Amino acid sequence: MALMESLVRVLASEAPRHNITQIKKVKLTVGALTHALPDALRFAFSVLREQPLFAPGAELEIEERKTRCRCRDCGADFAVEGNLGFLCPGCGGFAVDIIQGRELQIDYFEGD
């Protein structure tokens, strides 16, 4: 709930800057490494959208992104699976850069 409340505060501060008085739709991108649970975000949004900031029936769309890494040794890009997924499947290297999965952002919002 606290995470969605923070996102709603951001929306409340940004909406007037874009001449939006009621938000109809919000799209979020949530990376797996954030450990933010999409179902929990949806539940929190269903409660918080009762505020005047949101139009009746305001929608929340969530794009979930899996964790992906790039091996520093061989350059292979790969998806992380399970707890041992940070090991390069190409060369077995442990030196990897996380290239996706840390996102937690408001992609856009729409309204009147």
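This one's a predicted model, so the numbers in the text were calculated from it and none came from an experiment. We count residues from 1, following the sequence as given.
Residues that satisfy the side chain to side chain contact (heavy atoms under 4.5 Å, CB included) test with Leu7, not counting sequence neighbours, are Met4, Leu28, Ile106.
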- Task: Please assess Glu103 against Thr34 for the test side chain to side chain contact (heavy atoms under 4.5 Å, CB included), listing each intermediate value before the final yes or no.
- Result: CA-CA 7 Å; Glu103 304 87 347; Thr34 66; 5.9 Å; no

- Kindly determine whether Thr29 and Leu104 satisfy side chain to side chain contact (heavy atoms under 4.5 Å, CB included), including the steps that lead there. CA-CA 6 Å; Thr29 296; Leu104 180 55; over 6 Å; no

- Message: Determine whether Thr67 and Gln100 satisfy the following criterion, side chain to side chain contact (heavy atoms under 4.5 Å, CB included), listing intermediate values before the conclusion.
- Response: CA-CA 5 Å; Thr67 304; Gln100 179 180 292; over 6 Å; no

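Here the straight-line distance linking atom CZ of Phe94 with atom SG of Cys71 works out to 11.0 Å at 0.5 Å rounding. Distance CD/Glu50 to CZ/Phe45: 10.0 Å, rounded to 0.5 Å. Taking CZ of Phe43 as the start and CG of Leu48 as the end, the distance is 9.5 Å to the nearest 0.5 Å. Of the inter-residue distances, the one linking Leu11 atom CG with Leu53 atom CG reads 6.5 Å to the nearest 0.5 angstrom.
Smallest separation of non-hydrogen atoms from Ala32 and Lys66: CB-CA, 4.3 Å. Across every non-hydrogen atom of Cys91 and Asp73, the tightest pair is SG-CB, 4.0 Å. Minimum heavy-atom separation, Phe78 to Val96: CZ-CG1, 3.7 Å. Ala58 and Arg49 get closest at one heavy-atom pair: O-NH1, 2.8 Å.
Side-chain heavy atoms closer than 4.5 Å link hydrophobic residues (I, L, V, M, F, W, Y) into clusters, and following such links, even through other members, never connects Leu41 to Leu37.
A salt bridge does not link Lys24 with Glu110: every distance from a Lys NZ or Arg NE/NH1/NH2 to an Asp or Glu carboxylate oxygen is 4.0 Å or more. Salt bridge Arg70/Asp97: absent, no basic N to carboxylate O contact under 4.0 Å. Between Glu63 and Arg65 there is a salt bridge, with a side-chain nitrogen of the basic residue lying less than 4.0 Å from a carboxylate oxygen of the acidic one.
In this structure, the side chains of Asp107 and Gln105 come closer than 4.5 Å at one or more pairs of heavy atoms. Side-chain contact between Leu33 and Ile98: present, with at least one pair of heavy atoms (C-beta onward) separated by less than 4.5 Å. Between Lys25 and Tyr108 there is a side-chain heavy-atom pair separated by less than 4.5 Å. Counting only heavy atoms from C-beta outward, the side chains of Phe54 and Val26 approach each other to under 4.5 Å. Counting only heavy atoms from C-beta outward, the side chains of Val80 and Arg68 never approach each other to under 4.5 Å. Proximity of Asp112 to Ile20: side-chain heavy atoms (C-beta onward) are nowhere separated by under 4.5 Å.
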